[in-house]
Amino acid sequence: MTAVSGITPSGRLSLGNYLGALRRFAEDDGEPGFYFVADLHAMTTGHDPGQLGRLTRETALLLLASGMPEGSVFIQSAVPAHAQLAYLLECTAYIGELSRMVQYKQKGGRPMTRASLFTYPCLMAADILLYGATRVPVGGDQDQHVELARDLAVRFNATYGQTFIVPELARAQAAGRVGDLQTPTAKMNKSEPDQACGVLRMLDSPDVLRRKVMRAVTDSDGEVRHDGDTKPGVTNLLEILGACTGMEPVAAAAHYSSYGDLKKDTADAVVALLEPVQQRYRALADDPKRVDELLEAGRQRAAGFAAPRLARAMSAAGLMG
Ligand code: AMP
Ligand code: TRP
């Protein structure tokens with residue numbers, strides 16, 4: 001069971017990223033996976049180079065601070081095999097199937113859309129296939145891309161001979177989604193503007209976290225009840241409280257008779273959960289040499305795994321290089 005997952009540095013990481021991705025990666029037992037900052041993916045839409053560099057470093061530090069196994073964290077662009085295999089997979093994919101990708105249909109399709117947004121699922125397939133991943137923990141919006149990675153692996157193997165392991169499609173659990181505090185029916189999205197007060201950032205100070213939770217949208221009937229259809233705001237707070245403390249969200253509702261108390265406990269739980277991660281983040285930020293060493297160890301391990309698979313794919317396709 002090899003796990004691979006990437007986080008695109010397209011915004012400051014949110015509590016949703018921590019609960020839905022980073023914490024899960026860190027809890028993975030068994031052999032260490034491959035977890036990377038997908039900086040190449042952040043170039044598929046207009047980007048600012050300085051900002052990309054800063055967010056890449058911050059995201060890498062947060063991966064390390066969240067307790068990933070040693071040697072499992074690296075930066076995608078530091079391992080050129082990703083971009084190299086992506087080209088081979090662009091030569092395997094059809095424009096018909098790439099045109100059907102929901103994310104492309106939503107974000108692209110205009111004359112000035114970057115070509116890389118269209119081919120991006122091939123890069124993501126390369127990220128996965130390079131490491132022989134069997135498990136790809138991602139959110140539901142990425143299922144279609146993982147499915148394409150499967151299709152490309154099967155097609156490449158059938159055309160050129162057995163080269164890639166076909167990854168499993170591990171569907172995300174619906175309940176794993178943290179909602180935005182201001183628009184609880186939408187996911188808490190790191191790519192919202194920095195000042196968006198519905199998004200709890202992993203590096204927000206305790207004061208800011210508390211303020212955002214206390215201002216969360218609820219409703220006017222005043223009853224604390226878990227009911228996603230009619231009470232999305234309160235339900236989202238119960239889910240966050242549950243995810244942070246291990247309490248069962250439906251049962252937790254019975255402990256509260258006012259929204260104020262629920263918000264206060266939820267805020268405390270979020271702060272308590274993130275504080276140790278923030279402390280480790282600060283320790284790493286104060287020791288850039290140590291961070292460089294950790295990322296270099298991750299790069300070396302990833303490059304070592306990726307090289308033989310890339311070589312096999314190139315030679316199977318008839319490339320002599
Ligand atoms: P994204 O921020 O959409 O690029 O997603 C990066 C990773 O974080 C993916 O594995 C997502 O499933 C996870 N993630 C992002 N936002 C949330 C959220 N609001 N709730 C749960 N998981 C999330
Ligand atoms: N595209 C993913 C996202 O936006 C991030 C990602 C890039 C990824 N490469 C990956 C996830 C490989 C899993 C495996 O969330």
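Just so it is clear, the model here is predicted, and its values are computed rather than measured. In listed order, ligands and their atoms are each counted from 1.
- R135 and M1 make their closest contact through CD-CE, 3.1 Å (heavy atoms, listed as atom of the first residue, atom of the second, distance).
- In this structure a side-chain-to-backbone donor-acceptor pair under 3.5 Å is present from T235 to D227.
- Residue S5 has no nitrogen or oxygen atom sitting less than 3.5 Å from a nitrogen or oxygen atom of ligand 2, judged on distance alone.
- Looking only at distances, no side-chain donor or acceptor of Q142 sits under 3.5 Å from a matching main-chain atom of Q144.
- Of the candidates N17, L13, D141, N17 brings a heavy atom nearest to atom 15 (C) of ligand 1.
- Ranking protein heavy atoms by distance to atom 8 (C) of ligand 2, first place goes to G6 N, 3.5 Å.
- V138 counts as a contact of ligand 1, since one of its heavy atoms falls under 4.0 Å from the ligand.
- Protein heavy atom at the shortest distance from atom 21 (C) of ligand 1 is G176 O, 3.0 Å.
- R225 and K231 make their closest contact through NH2-CD, 3.5 Å (heavy atoms, listed as atom of the first residue, atom of the second, distance).
- The CG atom of L319 sits 6.0 Å away from the CG atom of L88 when rounded to the nearest 0.5 Å.
- Regarding atom 20 (N) of ligand 1, its nearest protein heavy-atom neighbour is V178 N, 2.8 Å.
- The distance from ligand 1 to the heavy atoms of R177 drops below 4.0 Å at these ligand atoms: 20 (N), 21 (C).
- Scanning the protein heavy atoms around atom 1 (N) of ligand 2, the nearest turns out to be Y120 OH, 2.6 Å.
- In this structure, the protein non-hydrogen atom closest to atom 16 (N) of ligand 1 is M188 O, 3.5 Å.
- A side-chain donor-acceptor contact under 3.5 Å links N17 to the backbone of S14.
- Under 4.0 angstrom from ligand 2, there are no non-hydrogen atoms of H145.
- Ring pair F74/F34 is perpendicular by interplanar angle, where above 60° counts as perpendicular and below 30° as parallel.
- In this structure, atom 18 (C) of ligand 1 lies nearest to the protein heavy atom G16 CA, 3.5 Å.
- A donor-acceptor contact shorter than 3.5 Å is absent between the side chain of R301 and the backbone of A297.
- In the vicinity of D127, heavy-atom distances shorter than 4.0 Å reach the ligand 2 atoms 7 (C), 9 (N), 10 (C), 12 (C).
- Annotation for N236 and D180: closest pair ND2-O, 3.6 Å, computed over non-hydrogen atoms.
- Those atoms of ligand 2 that come under 4.0 Å of a heavy atom in V136, given as number and element, are 13 (C), 14 (C).
- The protein atom (non-hydrogen) at minimum distance from atom 11 (C) of ligand 1 is G139 N, 3.9 Å.
- Crowding of E70 atom CD: a count of heavy atoms from other residues, nucleotides or ligands under 6.0 Å not exceeding 12.
- Counting heavy atoms under 4.0 Å from ligand 2, residue D141 does not touch it at all.
- Contact atoms of ligand 1 toward K187: 1 (P), 3 (O), 15 (C), 16 (N), 19 (N) (distance under 4.0 Å to a heavy atom of the residue).
- Checked against a 6.0 Å centroid threshold, the rings of H145 and Y104 do not count as neighbours.
- Contact atoms of ligand 1 toward K190: 1 (P), 2 (O), 4 (O) (distance under 4.0 Å to a heavy atom of the residue).
- In terms of protein heavy-atom proximity, atom 3 (C) of ligand 2 is closest to Q142 NE2, 3.3 Å.
- Side-chain N or O atoms of R155 include one that pairs as donor or acceptor with a backbone N or O of T92 at under 3.5 Å.
- The ligand atoms of ligand 2 that sit less than 4.0 angstrom from a heavy atom of V138 are 11 (C), 13 (C).
- Annotation for ligand 2: atoms under 4.0 Å from non-hydrogen atoms of F36 are 9 (N), 10 (C), 12 (C).
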